[in-house]
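A, B, ... follow the sequence lines: proteins, then strands. Residue 1 opens every chain. These numbers were taken from a predicted model, which means no experiment stands behind them.
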Number of protein chains: 2
Amino acid sequence: MLKISKKADYALMALQHIASVQFGDVTPGRVVNTKEIAEEYNIPLELLAKVLQVLSKQGLIESHNGPKGGYLLARSARQITIAQIIESIEGPLAITDCSHEKDGDFCMQREHCNIRTPLLKIQDSIYQLLNNMTLGDMMGGTPLITIQSPAAQGVER
Amino acid sequence: MLKISKKADYALMALQHIASVQFGDVTPGRVVNTKEIAEEYNIPLELLAKVLQVLSKQGLIESHNGPKGGYLLARSARQITIAQIIESIEGPLAITDCSHEKDGDFCMQREHCNIRTPLLKIQDSIYQLLNNMTLGDMMGGTPLITIQSPAAQGVER
DNA sequence: CTTAGTACGACCATATTGATCGGAGATCAT
DNA sequence: ATGATCTCCGATCAATATGGTCGTACTAAG
């Protein structure tokens with residue numbers, strides 16, 4: 001059903017939370033630890049920890065060790081796109097198996113496959129969609145998302 | 001990774017094939033049986049059969065029993081959208097679990113969930129994308145996707 | 001040097017999906 | 001009518017992905 005995984009969900013929630021604390025009015029610049037997020041959103045602590053580790057390794061957030069430690073956004077919320085977040089957790093967007101096939105690495109039906117090209121177009125459109133929306137947009141502040149999907153420029157129907 | 005299932009893949013291939021036979025130059029109007037499609041695209045016969053049965057039950061194709069039997073599109077290729085095909089097989093498009101929650105049927109983190117609204121916007125955009133492309137578009141060699149700039153206007157929190 | 005936190009890797013349980021098997025019911029040709 | 005060919009339908013199995021857990025090591029602040 002084209003679902004995104006729970007881990008990715010958790011990643012989005014966590015990043016939204018971190019961003020809102022970091023740029024919020026109350027305690028701006030404060031680091032946020034795993035436990036705080038887990039409790040706020042009822043996310044299993046250990047699982048969330050792993051998600052945050054991945055995000056950290058991917059360079060979306062910075063980790064600070066030790067007591068009083070926690071996580072911080074690595075860049076501005078406007079510079080983190082939804083696509084980046086989801087791909088950090090789930091790997092490259094691939095609507096269909098043959099999306100990133102190298103030469104000589106075909107699926108069984110590739111030979112006469114008639115749907116690869118259109119599917120890749122669709123995939124590209126979805127990617128544009130996700131990549132044109134940032135964490136900043138998600139937070140309400142000033143929602144400026146502009147989607148001009150390139151794949152969409154086709155003829156009208 | 002936002003992947004669509006193999007069954008849905010098969011459904012798309014099969015429908016594309018049926019459509020191209022039905023409206024092709026060679027033997028227009030001919031019915032197509034399961035075996036022919038399975039062999040052409042290297043799809044496991046039994047699995048494809050089940051997929052076609054579902055498509056038939058969903059009213060996308062008509063089945064004709066007995067020898068010389070097979071399948072026909074139930075309507076014109078331009079009236080069958082990619083969204084309809086995929087949803088026939090995979091059920092309603094749901095990018096996230098809470099997409100179609102009824103009242104009182106919350107996910108654990110719904111209470112403080114901060115990402116539901118933006119995700120629903122994204123989902124809607126993807127749906128538009130899939131619903132604006134038809135089987136007919138897929139065949140014409142020039143797939144014309146039309147997105148009407150969707151999602152993220154005014155994500156309020 | 002103790003404590004509170006992250007980092008990391010191995011691990012299990014369950015759900016989903018892909019795929020298979022067996023038979024029942026139609027339909028057409030002969 | 002009868003058999004061959006086809007769809008129809010339900011049950012089942014295997015593989016994979018996913019969600020979730022555990023234990024331990026490492027780091028930094030007090």
Engineer: Begin from the C-alpha positions of B:Asp137 and B:Thr81 and carry the test side-chain contact (heavy atoms from CB on, under 4.5 Å) through to its verdict.
Structural biologist: CA-CA 9 Å; B:Asp137 295 327; B:Thr81 73; over 6 Å; no

Engineer: Can you check the B:Gln53 CD to D:dA11 C1' distance for me, whole Å?
Structural biologist: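 Roughly 13 Å, once rounded to whole Å.
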
Engineer: Given atom NZ of B:Lys68 and atom P of C:dA29, what is their separation to the nearest angstrom?
Structural biologist: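 Roughly 8 Å, once rounded to whole Å.
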
Engineer: Tell me which nucleotide among C:dT20, D:dT21, D:dA28 gets nearest to the side chain of B:Pro44.
Structural biologist: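 Closest nucleotide among those given: C:dT20.
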
Engineer: Measure OH/B:Tyr10 against C1'/C:dT17 and give the value in whole Å, please.
Structural biologist: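 It works out to 11 Å between those atoms.
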
Engineer: Kindly list each side-chain donor-acceptor pair under 3.5 angstrom involving residues 27-38 of chain A, sequence neighbours excluded, with atom names and distances?
Structural biologist:
| unit_1 | atom_1 | unit_2 | atom_2 | d |
| --- | --- | --- | --- | --- |
| A:Thr27 | OG1 | A:Arg30 | NH1 | 3.1 |
| A:Arg30 | NH2 | A:Glu36 | OE1 | 2.6 |
| A:Arg30 | NH2 | A:Glu36 | OE2 | 2.7 |
| A:Asn33 | OD1 | A:Lys35 | N | 3.3 |
| A:Asn33 | OD1 | A:Glu36 | N | 2.9 |
| A:Glu36 | OE2 | A:His17 | NE2 | 3.1 |

Engineer: Provide, to the nearest angstrom, the distance between the CG atom belonging to B:Leu45 and the P atom belonging to D:dT5.
Structural biologist: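 One finds 15 Å between P of D:dT5 and CG of B:Leu45, rounded.
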
Engineer: Quick one: A:Arg30 CZ to C:dG5 P, roughly how many Å, whole number?
Structural biologist: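 These atoms are roughly 12 Å apart.
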
Engineer: Counting side-chain heavy atoms from C-beta on, which of D:dA28, D:dG19, C:dC28 comes nearest to A:Lys7?
Structural biologist: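 The nucleotide sitting nearest to the side chain is D:dG19.
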
Engineer: Under 3.5 Å, is there any donor-acceptor pair linking the side chain of B:Lys50 to the base of C:dT20?
Structural biologist: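 Looking at the base of C:dT20, it does pair with a donor or acceptor on the side chain of B:Lys50 (distance under 3.5 Å).
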
Engineer: Mapping B:Lys3 and A:Leu47 onto DNA chain D by nearest heavy atom, which one lands closer to the 5' end?
Structural biologist: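 Checking each residue's closest nucleotide, the 5'-ward one belongs to B:Lys3.
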
Engineer: So do B:Val51 and B:Ile43 actually touch side chain to side chain, heavy atoms under 4.5 Å?
Structural biologist: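 Side chain of B:Ile43 against side chain of B:Val51, heavy atoms only: no contact under 4.5 Å found.
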
Engineer: Verify the cluster assignment for A:Met138 and B:Leu120: are they in a single hydrophobic cluster under the rule of side-chain heavy atoms below 4.5 Å apart?
Structural biologist: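 Unlinked, A:Met138 and B:Leu120 end up in two clusters.
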
Engineer: What's the closest nucleotide to the A:Glu46 side chain, out of C:dA26, D:dG23, C:dG22?
Structural biologist: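 Looking only at side-chain atoms, A:Glu46 lies closest to D:dG23.
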
Engineer: For A:Leu52 and C:dC8, what is the distance between atoms CG and P respectively, to the nearest whole Å?
Structural biologist: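 A:Leu52 atom CG is separated from C:dC8 atom P by 13 Å.
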
Engineer: Could you check how far CG of B:Leu48 sits from C1' of C:dT20, rounded to whole Å?
Structural biologist: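 Rounding to the nearest Å, CG of B:Leu48 and C1' of C:dT20 are 14 Å apart.
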
Engineer: Using whole Å, what does the distance between atom P of nucleotide C:dT27 and atom CG of B:Asn65 come to?
Structural biologist: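 Going from CG in B:Asn65 over to P in C:dT27 covers 6 Å.
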
Engineer: DNA chain C: A:Pro67 or A:Ser63, which has the more 5' nearest nucleotide?
Structural biologist: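 With A:Pro67 and A:Ser63 compared, the 5'-side residue is A:Pro67.
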
Engineer: Is B:Val54 reachable from B:Ile85 through a run of hydrophobic residues whose side-chain heavy atoms are each under 4.5 Å from the next?
Structural biologist: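 Looking at the clustering, B:Val54 is in the same group as B:Ile85.
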
Engineer: Would you please confirm or rule out a distance under 4.0 Å between OP1 or OP2 of C:dT6 and any side-chain N or O of A:Thr34?
Structural biologist: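 A:Thr34 to C:dT6 OP1/OP2: side-chain N or O found under 4.0 Å.
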
